[in-house]
Amino acid sequence: MTTPRVVIGLSAVIVAVTEDAPYVVVTRDGDAFAGLPFGAFDPAGDRTLELSLRGWVKEQTGFDIGYVEQLYTFGDRGRETPLADIGASPDRVISISYLALTPERAVLERATARWRSWYDFFPWEDWRDGRPAVLDDVIGPQLKEWANAAGDAETANARRSRARLAFALDGARWNEERALDRYELLYEAGLVSEAPRDRARFDGVPAKPAAAVSGFGEPMASDHRRILATAIGRLRAKIKYRPVIFELAPALFTLLHLQRLVEAIAGLELHKQNFRRLLERTGLVEGAGEFDTSAGGRPAELFRCRQEALRERPVGGIHVPAPRGE
């Protein structure tokens with residue numbers, strides 16, 4: 001009996017944020033579908049998983065990542081990375097994903113590496129200009145069709161309930177942290193391009209190139225959109241209980257700029273005065289004695305993260321109120 005060959009794959013979600021959007025590094029941009037920086041761990045040649053990851057990221061993007069933390073480990077059969085992408089022929093791929101934060105979009109030295117807004121892949125996650133029309137025009141109706149197609153009433157009701165809570169349908173409240181739940185529900189319903197592609201691969205038949213389905217975002221290689229959704233949920237949750245926003249902000253910033261960065265990550269608009277009162281209450285920022293005159297008009301005071309506050313006591317993050325689903 002042949003022992004199944006298992007390969008450990010390593011992937012990185014590298015995030016930088018501007019006022020416009022959160023951006024992630026993708027490779028093979030311009031191919032049938034982009035992917036995250038990814039490579040196989042070599043047990044004989046790589047001393048640690050993290051060093052192996054850093055090597056793959058440097059090779060594929062030209063970028064040296066800083067601090068990283070492990071996100072999650074995936075190993076679902078049928079959702080693995082295509083064999084050609086890792087230069088091996090394993091029976092299974094176990095994918096270990098990592099999250100890396102950087103305060104600016106560094107220049108990427110590889111022709112196929114790009115910074116892309118994560119809302120290109122998840123357009124329904126951005127509520128900054130109000131409830132996305134795609135929820136009611138496309139996603140809601142198609143999820144209802146999927147629920148109605150269930151073989152029995154109990155399953156149909158369960159599907160309707162899951163869709164309502166995940167996508168804030170029929171008056172349910174939006175929870176921005178549930179990005180992974182939403183993507184997995186669309187995958188289960190067969191509404192994202194990766195679902196039929198993965199089924200074809202699992203069944204051993206040639207798969208047609210995945211193309212973006214209108215309203216459902218751009219597809220990604222392998223299970224990389226699931227990994228990215230995991231990172232979105234993790235970061236949205238983490239800014240509420242840890243001051244990680246300062247790892248994504250410049251050393252000096254205006255309070256409005258900091259607010260815009262939080263809004264970009266959360267995909268929600270925040271109340272200006274409430275945001276500033278929260279910063280005052282936590283004591284996380286202090287005036288830098290400088291002003292920003294680049295925008296014209298009245299100069300805006302520049303602030304910086306007060307490192308002493310981070311060392312004095314455990315500190316929370318920034319509360320982001322969720323809108324209702326109406």
Side-chain angles (χ1 to χ4, degrees), residues 9-39 50 53-54 56-72 74 81 85 95-126 128 176-180 182-184 186 192-194 210 212 216-239 244-245 247-250 260-268:
L10 307 172
S11 58
V13 181
I14 306 169
V15 180
V17 186
T18 71
E19 293 189 10
D20 295 326
Y23 288 84
V24 295
V25 175
V26 300
T27 58
R28 293 161 291 175
D29 196 31
D31 289 352
F33 28 79
L36 300 168
F38 177 91
E50 185 176 316
L53 176 79
R54 292 177 184 278
W56 280 113
V57 171
K58 178 68 173 178
E59 178 180 322
Q60 295 174 10
T61 69
F63 179 55
D64 288 309
I65 55 176
Y67 170 79
V68 297
E69 66 177 71
Q70 191 173 132
L71 260 180
Y72 202 75
F74 298 94
T81 295
D85 291 355
S95 178
I96 304 175
S97 56
Y98 291 81
L99 174 65
L101 308 180
T102 179
E104 61 181 358
R105 287 185 290 171
V107 175
L108 303 176
E109 300 174 358
R110 302 295 183 266
T112 59
R114 297 282 189 279
W115 287 99
R116 295 286 304 277
S117 166
W118 74 29
Y119 295 123
D120 291 343
F121 307 101
F122 303 93
W124 56 85
E125 293 289 340
D126 190 359
R128 286 175 293 173
E176 76 281 2
E177 296 178 27
R178 296 187 62 185
L180 178 60
R182 284 184 280 274
Y183 175 72
E184 290 289 71
L186 295 177
V192 291
S193 301
E194 291 91 335
F216 291 98
E218 295 185 28
M220 297 186 78
S222 186
D223 60 349
H224 290 189
R225 197 151 48 141
R226 176 168 61 158
I227 294 171
L228 179 52
T230 304
I232 292 172
R234 169 76 65 86
L235 193 52
R236 285 178 168 181
K238 200 166 185 179
I239 61 173
V244 295
I245 188 62
E247 297 179 36
L248 292 158
R260 294 287 183 258
L261 298 186
V262 175
E263 290 175 336
I265 294 170
L268 297 169

Practice task
Test V24 against every option in I14, I232, L228 by the side chain to side chain contact (heavy atoms under 4.5 Å, CB included) rule and name the one that passes.
Solution key: L228

Exercise for the section: Check A21 against S117 and note the closest heavy-atom contact, atom names and distance. Expected result: CB-OG, 3.5 Å

Exercise for the section: Heavy atoms only: give me the nearest E19-L261 pair and the separation to one decimal. Expected result: N-CD2, 3.9 Å

Exercise for the section: Find the distance between CD (E194) and OH (Y183) and round it off to the nearest 0.5 Å. Expected result: 3.5 Å

Practice task
State the CZ-CZ distance between R105 and R114, to the nearest 0.5 angstrom.
Solution key: 12.5 Å

Practice task
Describe, in one word, how the ring planes of W124 and F122 are oriented to each other, choosing from parallel (under 30°), tilted (30 to 60°) and perpendicular (over 60°).
Solution key: perpendicular

Practice task
Applying side chain to side chain contact (heavy atoms under 4.5 Å, CB included) between P37 and each of Q60, R54, H224, K58, report the one that passes.
Solution key: Q60

Handout entry: Test side-chain contact (heavy atoms from CB on, under 4.5 Å) applied to L101 and Y67, step by step
Key = CA-CA 7 Å; L101 308 180; Y67 170 79; 6.0 Å; no

Practice task
Would you give the length of the straight line joining atom CD of E104 to atom OG1 of T18, rounded to the nearest 0.5 angstrom?
Solution key: 12.5 Å

Problem - Whether S97 side chain and Y72 backbone form a donor-acceptor pair below 3.5 Å - result: yes

Problem - Heavy-atom side-chain contact between W118 and L235 under 4.5 Å - result: yes

Problem - For F38 against S11, the heavy-atom pair lying closest together - result: CD1-CB, 3.7 Å

Problem - Electrostatic pair R116:E218 at N-O distance under 4.0 angstrom - result: yes

Problem - Test item: Y98 and V13 side chains (from C-beta on) under 4.5 Å apart, heavy atoms - result: no

Handout entry: Gap between atom CZ of R225 and atom OG1 of T230 - 0.5 Å precision
Key = 12.5 Å

Problem - Distance, nearest 0.5 Å, that separates OG of S95 from CG of D223 - result: 5.0 Å

Fill in the blank from the handout: Note: G233 and A179 closest approach over all heavy atoms is N-CB, 4.2 Å

Problem - Nearest non-hydrogen partners of A106 and W115, listed with the distance - result: O-NE1, 2.8 Å

Problem - Donor-acceptor under 3.5 Å (R182 side chain, E176 main chain) - result: yes

Exercise for the section: Dump the intermediate steps for side-chain contact (heavy atoms from CB on, under 4.5 Å) on V15 and I265, then the final yes or no. Expected result: CA-CA 10 Å; V15 180; I265 294 170; over 6 Å; no

Practice task
Could you please spell out the steps behind the salt bridge (Lys or Arg N to Asp or Glu O under 4.0 Å) verdict for K238 and E69?
Solution key: CA-CA 12 Å; K238 200 166 185 179; E69 66 177 71; 2.4 Å; yes

Practice task
Using a 4.5 Å cut-off on heavy atoms from C-beta on, say whether the side chain of L36 contacts that of I227.
Solution key: yes

Practice task
Mind checking the CG-CE spacing from D120 to M220? Nearest 0.5 Å is all I need.
Solution key: 10.0 Å

Problem - Check: F63 main-chain N/O paired with R110 side-chain donor or acceptor under 3.5 Å - result: no

Problem - Smallest separation among heavy atoms of V244 and I239, with atom names - result: CG2-CG2, 3.6 Å

